[in-house]
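As structure tokens, the structure follows; a few thoughts come after it.
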Protein chains: 2
Amino acid sequence: MTLAYSPDTAPAASPLASLMDRVGLRMPFAKGEEIFGQDEAADMIHSIVSGAVRTTRLQSDGRRQIGDFYYPGDIIGLETGDLYRFSAEALSDCVIHVVKRSSLHVLRGDGSLDRTLWEATRRELERTQEHLLMLGRKSACEKVASFLRDVAQRVGCEDVSLPMGRQDMADYLGLTIETVSRMVTQLQGSRIVEFASARQFRVTRWPALERLAA
Amino acid sequence: MTLAYSPDTAPAASPLASLMDRVGLRMPFAKGEEIFGQDEAADMIHSIVSGAVRTTRLQSDGRRQIGDFYYPGDIIGLETGDLYRFSAEALSDCVIHVVKRSSLHVLRGDGSLDRTLWEATRRELERTQEHLLMLGRKSACEKVASFLRDVAQRVGCEDVSLPMGRQDMADYLGLTIETVSRMVTQLQGSRIVEFASARQFRVTRWPALERLAA
DNA sequence: CAGGCCCATTGATCCCGATCAATCGACGCC
DNA sequence: GGCGTCGATTGATCGGGATCAATGGGCCTG
């Protein structure tokens, strides 16, 4: 079997996701479509049912930073204050479960929801800290190696398909598209990964990849 | 009046800090002393009473990334799971209010504590995201400019004193100590900031600094 | 005050990743 | 099948920041 995030899978739904099932609305988004925009009022919480999503922040001069990539079962928009600090866009056609923040209040009372929200925010913070570490002190090669390792690990299956293009990888890693491409070629040359196409690969030498990911 | 975080100030104590006053213990730490260590069991929450603290993460090859700097009124160790993901060290002699996580449970019940913890974690996440943006896409000059701006803004007073040395700034910004020094010199040459000594400065041209911080 | 230590600054050179530019290759359309 | 489009790859060159090395300057100690 190939491919990780098949359209109708919502693996290991979080407790929050199951709470959210009771309220809210399923909405389809087309590939490339904006789910919410930077600096908009943040009154919704989004749970990904199928497809993949990126969060991005754009500077006035066009420089772009990708916050993270999200897959089925992930929640986005949680951690926000009054305004969204990133925008979210569909990487592929996807279905999003949308819940008004205010309607979460009806579930409040025993404090378990609060703790669940906190937990989710905490995990988001951990991921962001890991991302930070990578941007601050890793070389281009280490960045790309860690990225491929992380994606492959998350998928947990032999053949991995990348839902994002090279530009998205570059904007996530703080590199240019050319450098990402070169590092991928290099990793392939060392027989550490094997790309069937630009968005389809498998790890052939895990220990070497781990070592390079530093 | 000079200097920002004078030893006995705990400005704008957070609601959580005031809750914490009811339980826990005040502990002094000497400059350079470790408050908690990376990968240790995270059973404490720390609120800074006086002094300044840095959180750092060390890689096996010696590369270091600073997570953030903390001042009186700030809480650290909040966001952690079972283990601390960074270590925390005193930048100067300081006093820390230490509370066992388990003893926070006695305050639990109405859910207000949960929401306060969540809020604090959310703010921490926001700061980390901002830091991320800086590491990913800013030039050395922009990084140093943003850093000085942020410190000066936080202090909100004319003369700013930096509690950290150049190496700490470098490890926060993902640069080398030499580059930080050069950029500081450059900003000084453009009459944007003015350093009385290596750790003492004032902003002379705010608009220019804002523009460079990008 | 002299000497030593530690940190910051400055200078010279190198190299990684950015930039500029050309080519490739998959896919859709006529 | 030929052709246009768009994303990825590859090549050549440039430049910002790292690295290596020397100097400066505050502060403590004797």
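Throughout, a chain's letter reflects where its sequence line sits, starting with A, and its residues are numbered from 1. Everything numeric here is computed off the predicted structure, so don't read it as measured data.
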To the nearest angstrom, how far is Met183(B) atom CE from dT9(C) atom C1'?
13 Å
Does some side-chain heavy atom of Arg149(B) sit less than 4.5 Å from a side-chain heavy atom of Val203(B)?
no
Provide, to the nearest angstrom, the distance between the CZ atom belonging to Phe195(A) and the C1' atom belonging to dT9(D).
13 Å
Taking 4.0 angstrom as the limit, do Arg123(A) and Glu126(A) come out as a salt bridge?
no
Testing dT9(C), dA18(C), dG17(D) for proximity to the side chain of Ser181(B), the answer is dT9(C)
Ala88(A) versus Val53(A), closest heavy-atom pair with distance:
CB-CG1, 4.1 Å
What is the separation between atom CD on Glu178(A) and atom P on dG11(D), rounded to the nearest whole Å?
14 Å
Rounded interatomic separation in angstrom, taking CZ from Arg166(A) and P from dC24(C)
19 Å
What integer distance in Å separates Arg199(B):CZ from dT9(C):P?
11 Å
Can you see if the side chain of Thr176(B) gets near the phosphate of dG17(D) - specifically, an N or O under 4.0 Å from OP1 or OP2?
no
Touch check for Ser197(B), heavy atoms < 4.0 angstrom, all strands: base, sugar-phosphate only, or nothing?
nothing
Side-chain N or O of Thr185(A) versus OP1/OP2 of dT10(D): is the shortest distance under 4.0 Å?
yes
Quick one: which of dG11(C), dC20(C), dG17(C) gets closest to the side chain of Ala140(A)?
dG17(C)
Picking from dA18(C), dA18(D), dA8(C), the nucleotide nearest the side-chain atoms of Leu175(B) would be dA18(D)
Short side-chain N/O contact to dA18(C) OP1/OP2 from Thr179(A), under 4.0 Å
yes
When you measure from the side chain of Arg182(B), which nucleotide among dA8(D), dA8(C), dT19(D) comes out closest?
dT19(D)
Protein-nucleotide distance (Arg137(B), atom CZ; dG16(D), atom C1'), rounded to Å:
15 Å
Of His131(A), Arg57(A), Arg85(A), Gln65(A), the one forming a side chain to side chain contact (heavy atoms under 4.5 Å, CB included) with Gln129(B) is Arg85(A)
Starting at NZ of Lys143(B) and ending at C1' of dG16(D), how long is that distance when rounded to a whole Å?
11 Å
Starting at atom CD of Gln200(A), determine the distance to atom C1' of dA8(D), rounded to an integer number of angstrom.
16 Å
Just so I know, are the side chains of Glu178(B) and Arg182(B) near enough to count as touching, which here means a heavy-atom distance under 4.5 Å?
yes
